[in-house]
Amino acid sequence: MQQLFFAHQTLRKTDTRSGVADRKPVKQTPREGEASFQAIAEAIPAPLALSNRQGETAYLNKAFVQLIGYTLDDIPTVADWLSRACPDAQYRQRVAESWQDNLEKARHTNGVFAPMEMDITCKDGTVRTFMACTVTLKSFAGTHLSILHDITERKLTEHGFQVAATTFVSQEGMLITDADHVILLVNGGFTQITGYTAEEAIGRQPDMLNSGRHDTNFYAAMWKSVRRTGSWEGELWNRRKNGEIYPGQLVITAVKDKGGIITNYVVTFNDITLNKAVAGEIENVAFYDPLTYLPNRRFLLDRLHQALSLSNRTGRQGALLFIDIDNFKDINDTHGHAVGDLLLVETANRLQSSTRTGDTIARLGADEFVILLENMDDDEHAAAAKAEAVGEKIRVAIGRQYFINDLIHYCTACIGITLFRGSPKTMEEMLQRADAALYQAKKAGRNKLRFFDSAIQAAITAKATMEADLRRAVSEQEQFLLYYQAQVDSSGRLVGAEALVRWNHPVHGMVSPAEFIPLAETSGLILPLGHWVLTTACQQLAAWAAQPGTAHLSLAVNVSAKQFSLPTFVDEVIALVDYFGVNPVNLKLEITESMMVGNVDDIIAKMTALKARGIIFSMDDFGTGYSSLQYLRRLPLDQLKIDQSFVRDIATDVNGKAIVRTIIAMAQSLNLNVIAEGVETEAQRQILLSKGCTTYQGYLFGRPVPVEQFEKLLKQG
Ligand code: C2E
Ligand code: MG
Ligand code: MG
């Protein structure tokens with residue numbers, strides 16, 4: 001320090017910016033003041049300079065000499081300083097002008113200069129950028145004190161960013177924040193995407209762009225990742241100034257200084273709304289068939305993959321159906337491709353209406369369709385039956401006529417089916433299996449359905465054969481017989497019989513009704529068969545009525561739900577009763593609780609109509625279905641028939657006994673009589689009797705037998 005011409009003043013008094021200029025000066029001797037100023041100035045790590053109004057350089061601190069290199073000897077005047085620091089004349093001119101300008105302005109700002117940025121050529125020739133903060137110390141005859149902040153590093157990065165930001169003429173947005181996430185800089189892309197101008201954005205935090213669709217954890221994890229790894233890249237929802245939410249692709253990069261401390265974050269981002277839409281389009285093209293809009297092979301494979309793992313988890317069966325239109329080429333060849341296309345579109349529609357929403361329908365090739373059924377039964381045979389039912393529905397649907405361009409077309413399809421349950425089957429293997437099944441179907445002729453699994457195919461074929469046999473038997477009416485099983489009262493007197501149908505199959509011999517009744521139900525054959533049973537039963541009742549020894553016998557006839565729901569059922573029964581002159585009180589119709597899931601009012605109406613003619617009703621298999629006192633009370637019943645499963649347990653099981661007791665009590669409270677079926681032992685009969693059940697049916701009294709044997713039994717008493 002050579003000339004400290006303000007040293008007679010205290011430093012405190014010079015502090016005009018902090019608004020303490022008017023405070024009373026702290027009493028200090030000039031020497032002390034100089035010493036304390038020097039101590040402080042030397043301790044400041046930034047270059048500091050003093051110049052007087054005469055344009056002389058008055059003081060340079062240690063940091064100045066160290067960083068910039070010049071001493072007071074090098075730059076005794078401000079002019080010297082300028083010519084050394086700014087060797088370029090033009091630049092020097094500009095700096096001098098803005099200095100002058102600032103000096104003028106500082107008059108109105110209490111001597112505080114606007115910060116001035118300048119490139120300074122140091123003594124060693126390097127050029128560094130400084131931000132000069134200057135204040136005019138009025139009380140010291142207009143001495144200027146300048147502190148110079150080295151912003152070279154910051155300027156370089158900023159410059160780099162600026163270049164980067166401005167080079168992005170595309171929609172890419174960019175922003176730079178400081179270490180505390182305060183936005184320092186944004187580019188045009190930012191404004192374009194977000195709607196915020198630079199003025200609105202700078203100084204704020206980028207969380208003004210948060211969409212609200214991600215929680216705080218998401219952002220915390222994002223920033224944590226940036227701090228840890230130096231960057232983060234990903235998609236997220238952002239919000240524009242107008243409130244609109246858009247998908248953004250974002251890259252955040254941390255900028256670190258030489259010491260590895262984060263100084264800035266650079267965020268670049270894109271609005272990917274369009275990309276998303278395009279991606280959707282591409283996905284459509286990639287996953288859907290453009291003609292029918294059905295999923296394509298790729299989509300199917302994707303689904304199949306999921307279906308396999310789902311099936312693996314749940315243990316449930318799935319099925320894959322391959323459908324191929326028979327001789328599709330002929331349609332194309334004779335009617336043209338346009339008609340062929342329309343037919344395929346219509347086929348796709350029919351496939352859709354033949355399946356449920358969860359099923360996948362795909363088009364693999366020209367006339368090849370695939371249906372994926374998931375989440376079926378655990379049981380393979382039950383699943384096979386369902387898959388077959390769907391296949392049949394499809395086969396029939398495709399077989400219906402097509403109206404295309406005012407012409408009627410016909411076509412059929414073959415269907416190959418394979419079942420699957422999880423791994424280890426691969427997708428390709430499954431596709432091959434379904435294809436192999438389809439090949440078998442094609443080999444068998446048009447309009448066929450085949451399973452890959454030979455055992456299943458055998459079972460399905462056997463069922464189909466059985467159904468065909470049943471159909472023939474029903475139309476010929478020669479293979480059915482009615483067997484009669486005795487019903488007795490507590491004294492052992494024969495009061496009647498239950499008519500039980502028997503099928504004497506030409507090859508298989510006697511087929512159990514437990515086997516063919518369900519088949520007759522699903523195929524609808526139960527209607528003609530049931531009619532035959534009713535007719536035969538009425539005929540038998542009429543025959544018994546003619547004999548004094550049998551005239552009192554009642555005959556119970558099983559009626560299936562399908563039969564009962566026929567609108568003509570009441571008329572049919574009454575016509576038969578009238579035709580054979582049957583005493584209606586001897587005709588007992590056995591219905592089941594499973595019927596009650598249908599239209600109960602209709603059932604009640606029909607029962608009431610038949611009951612008005614004197615016909616009797618018994619509830620078969622009572623206790624196994626949905627037993628509700630509510631509907632029991634509404635039904636015009638005469639009898640409850642305790643199911644044999646309860647009777648079986650009655651002698652051994654406490655619960656069985658309790659159930660039977662309850663059923664009997666229920667029947668008594670409803671004023672119904674009770675019959676127990678499946679009575680096989682005297683012990684069972686004794687217990688039933690002790691509980692109040694006085695009518696029985698079961699092997700104890702006789703098995704179901706042909707009428708001649710039954711009548712023999714009757715004669716024997
Ligand atoms: P259901 O109506 O409950 O008939 C009773 C079944 O139990 C008969 O079997 C009969 O043979 C059997 N059964 C009788 N007593 C005993 C016994 O003491 N122990 C054992 N273990 N079983 C006994 P079936 O004849 O095989 O008939 C089975 C089912 O087929 C019948 O059950 C009925 O639901 C149905 N069914 C039979 N005939 C006809 C018919 O003409 N029309 C309709 N719709 N269904 C019928
Ligand atoms: Mg029965
Ligand atoms: Mg029964």
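First listed ligand is number 1; within each ligand, the first listed atom is number 1.
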Among all protein heavy atoms, pick the one closest to atom 3 (O) of ligand 1 and tell me residue, atom and distance. Asp621 OD1, 3.1 Å
Kindly say whether Ala307 contributes a backbone atom to a donor-acceptor pair with the side chain of Ser311 at under 3.5 angstrom? no
Phe480 atom CZ: more than 12 heavy-atom contacts under 6.0 Å: yes
Got a donor-acceptor contact below 3.5 angstrom from the Arg363 side chain to the Leu294 backbone? no
Which single N/O/S atom of Glu677 lies at minimum distance from the Mg ion (ligand 3)? OE2
Considering only non-hydrogen protein atoms, determine which one is nearest to atom 35 (C) of ligand 1 and report residue, atom name and distance to 0.1 Å. Ile517 CG1, 4.3 Å
Short version for Gln485: what comes under 4.0 Å of ligand 1, heavy atoms counted, is side chain
Before accepting this row, confirm whether a basic side-chain N of the pair Lys657/Asp649 lies closer than 4.0 Å to the acidic partner's carboxylate O. no
When you measure from the side chain of Gln485 to the backbone N and O of Gly702, does any donor-acceptor pair fall under 3.5 Å? yes
Give me the residue, atom name and distance of the protein heavy atom closest to atom 37 (C) of ligand 1. Leu500 CD2, 3.6 Å
Metal-centred angle, OD1 of Asn558 through the Mg ion (ligand 2) to OE1 of Glu590, rounded to 10 degrees: 80°
Quick one: nearest non-hydrogen protein atom to atom 43 (C) of ligand 1, plus distance? Asn558 CB, 3.5 Å
Identify the protein heavy atom lying closest to atom 22 (N) of ligand 1, giving its residue, its atom name and the separation to 0.1 Å. Gln644 OE1, 3.2 Å
Among Leu438, Ile394, Ile415, which residue satisfies the side-chain contact (heavy atoms from CB on, under 4.5 Å) criterion with Leu449? Ile415
Residue, atom name and distance, where the atom is the protein heavy atom closest to atom 18 (O) of ligand 1: Tyr699 N, 2.8 Å
Could you check Asp620, Ile675, Leu672 and say which one makes a side-chain contact (heavy atoms from CB on, under 4.5 Å) with Leu640? Leu672
Within the structure, is a non-hydrogen atom of Pro704 found at a distance of less than 4.0 Å from ligand 1? yes
If you scan the protein for heavy atoms around atom 9 (O) of ligand 1, do you find one that is closer than 4.0 Å? no
Which part of Arg502 is near ligand 1, with near meaning a heavy atom under 4.0 Å away: side chain, backbone, both or neither? side chain
Within the structure, is a non-hydrogen atom of Gln563 found at a distance of less than 4.0 Å from ligand 1? no
Can you find an N/O atom of Val501 closer than 3.5 Å to an N/O atom of ligand 1? yes
Taking only Lys NZ, Arg NE, NH1 and NH2, and the carboxylate oxygens of Asp or Glu, determine whether Lys611 and Asp638 approach each other closer than 4.0 Å. yes
Ion pair present between Glu467 and Lys463, side-chain N to carboxylate O less than 4.0 angstrom? no
Only N/O/S atoms count here: what is the atom of Asp620 closest to the Mg ion (ligand 3) called? OD1
Can you find an N/O atom of Asp620 closer than 3.5 Å to an N/O atom of ligand 1? yes
Atom name of the N, O or S atom in Asp621 that lies nearest to the Mg ion (ligand 3): OD1
Where does the angle between the aromatic ring planes of Phe710 and Tyr484 fall among parallel (under 30°), tilted (30 to 60°) and perpendicular (over 60°)? tilted
